[in-house]
There are 2 protein chains.
Amino acid sequence: MAALPAPETSSSTRFESVLEAVRAAILAGEFEPGERLHEVKLTTLLGVSRTPVRAALQKLASEGLLDYTPNRGYTLREFSIDEVISAYEVRAVLEGLAARLSAERGLNVSEIGTLQQALRDGDDLLRNGQITDEHRSEYSRINAYFHVTIHASAGSRLLNDMVYLCQQVPVSSPRNVVAFEEGDVRRRHEDHHRIFEAIVGREPWRAEMLMRDHVASVKSSLIRSLASPAAVQAATKTARRLRR
Amino acid sequence: MAALPAPETSSSTRFESVLEAVRAAILAGEFEPGERLHEVKLTTLLGVSRTPVRAALQKLASEGLLDYTPNRGYTLREFSIDEVISAYEVRAVLEGLAARLSAERGLNVSEIGTLQQALRDGDDLLRNGQITDEHRSEYSRINAYFHVTIHASAGSRLLNDMVYLCQQVPVSSPRNVVAFEEGDVRRRHEDHHRIFEAIVGREPWRAEMLMRDHVASVKSSLIRSLASPAAVQAATKTARRLRR
DNA sequence: AAGCATGAAAATGTATACATTATCTTTGAC
DNA sequence: GTCAAAGATAATGTATACATTTTCATGCTT
């Protein structure tokens, strides 16, 4: 069936463990926006010395999650709705560029294989009428594979790093597809087919526009769900938790 | 005359001094691509302990200048021509987005003032026929003001951070305008006038396309100068030094 | 001679002590 | 009672010692 494995996640060094622990705590809403993250507190909380804690905080600041002021330490950034939305705008133009570059360079055999696999897996998953939460979560993984493959085929590390940064913005992670309605999922899967077509057909401009609109549509869904929280409550659940 | 002051540059903490010192050393070509940057060596070289050195190296890695592997330290990244070129592609779509967002939001009085000042200063500078290196360097500062103001008016910190990251890629910094031919400088200044017009006139799509092409043209100039190094030797000078 | 195991050297990871800066509390003056 | 100054407290910045890992050289085995 699905030949796309889940990504591995190991941490050997303490710095990495602390990094993930603090990141998880932040995303779980355990800090207020603007709140200071004291090194010593985290130290006692995590049972390690200040050294790996400092390194982790610096990394999180470079990812945009924390603010840093010399001699004053780190504070949790607050993300306004505007910033979350513009993060999608940024991601849209970046992924659009990735699709264009990919179409210009052309895909290699392995990349074509992965994309076709992702398309087939999606087809299979959406074949039957009903879509459960499990389906959505599974589709989320397939979706990630599709996009990551295209980013990689663009051949620009800078571009890759920046897409990663976009995904570090709370609420703008691709796993949020879980929160979308069934029609949205089907529509997006059809987008994938067309985008693949444009890239394989070496149509850079079309690939860029399709991908751009594809990602921007996530933004629209988000705005829609924020406008009517009762209608699609699942979508705002995470958002509210993070803004608390 | 020119009411646009130069940016200030102070460093209070040692971490910052080390950061700038190492960054300057890298940009001056004092390390080979792929070469390791040993903490202890930098320690003895700079007369500080490993702590600020480690912090500086981590920062430089987050900016994309260094690679990091746990337990194995930092190495200087090598930037292929392709990567430098695609950095311009990225910058083009990002600045294009900034112009679009700026046109959508509209400029405030202060921003309009700064942009008009930049345009006037450019007009004055380019009025007389001859353009010296001093003129280019002066125009470079005016150019930076124009672009930075538009980034800021887009109102997205993520976008700002990413444009900054693009500029950290060697050879792709805006100060490279210095290396351009006279016709290029004049052409770009005219671009500025049209971009300003589009933003003030609240034409998001036009603003985006103009800005995108404006930045992409820098890429074209770079490619041109790389193709015929004898013709525009100044442009490649920095590039060769950094790739050595 | 090639390859592998062993151990020494050196580099990075981590903890901790001390220095410097920021923050808070207290005290005094008005 | 309010404000300001001074000291106390606590936080971050830096240096250094120790732990762990990597790397390299040495010598052994085949």
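Note that the structure is a prediction, hence the values are computed from the model and not measured. Hydrogens, waters and symmetry mates play no part in the numbers below; they use all other heavy atoms, side chains included.
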Nearest whole angstrom, please: distance from the C1' of dT14(C) to the CD of Gln58(A).
16 Å

By nearest-nucleotide position on DNA chain C, the 5'-leaning member of Ser49(A) and Asn71(A) is Ser49(A)

Check this for me: does any side-chain nitrogen of one of Lys219(B) and Glu89(B) sit under 4.0 Å from a carboxylate oxygen of the other?
yes

Please determine whether a side-chain nitrogen of the Lys or Arg among Arg72(B) and Asp67(B) lies less than 4.0 Å from a carboxylate oxygen of the Asp or Glu.
no

Would a 4.5 Å heavy-atom cut-off, applied to side chains only, mark Arg91(B) and Met162(B) as touching?
no

Quick one: sort the His214(B) and His192(B) rings into parallel, tilted or perpendicular, breaks at 30° and 60°.
perpendicular

Could you state the CD-C1' distance from Glu16(A) to dG13(C), rounded to the nearest angstrom?
11 Å

Map Phe15(A) and Arg72(A) onto DNA chain C by nearest heavy atom, then report which one ends up closer to the 5' terminus.
Phe15(A)

Within the structure, does a side-chain N or O atom of Thr13(A) lie under 4.0 Å from either OP1 or OP2 of dT14(C)?
yes

Among dT12(C), dG13(D), dT14(D), which is the nearest nucleotide to the side chain of Pro52(B)?
dT14(D)

Can you tell me the distance, in whole Å, between the CD atom of Glu39(B) and the P atom of dC18(D)?
19 Å

Touch class at under 4.0 angstrom, heavy-atom based, for Tyr74(A) against every strand present:
nothing

Does the side chain of Tyr164(B) pick up a donor-acceptor pair with the side chain of Glu63(B) at under 3.5 Å?
yes

Nucleotide of dA15(C), dG13(D), dG13(C) approaching Arg54(B) most closely (side-chain heavy atoms):
dG13(C)

Looking at dA11(D), dA11(C), dT16(C), which one has an atom nearest to any side-chain atom of Arg36(B)?
dA11(C)

Among the nucleotides dA11(C), dT14(D), dT14(C), which one has an atom lying closest to any side-chain atom of Val40(B)?
dA11(C)

Tell me: CZ of Arg14(B) to P of dG13(D), nearest whole Å?
13 Å

dG13(D) base to Arg50(A) side chain: any donor-acceptor pair below 3.5 Å?
yes

How close or far is atom C1' of dG13(D) from atom NE2 of His38(A), stated in whole angstroms?
16 Å

Between dA11(D) (C1') and Leu42(A) (CG): distance, integer Å:
13 Å

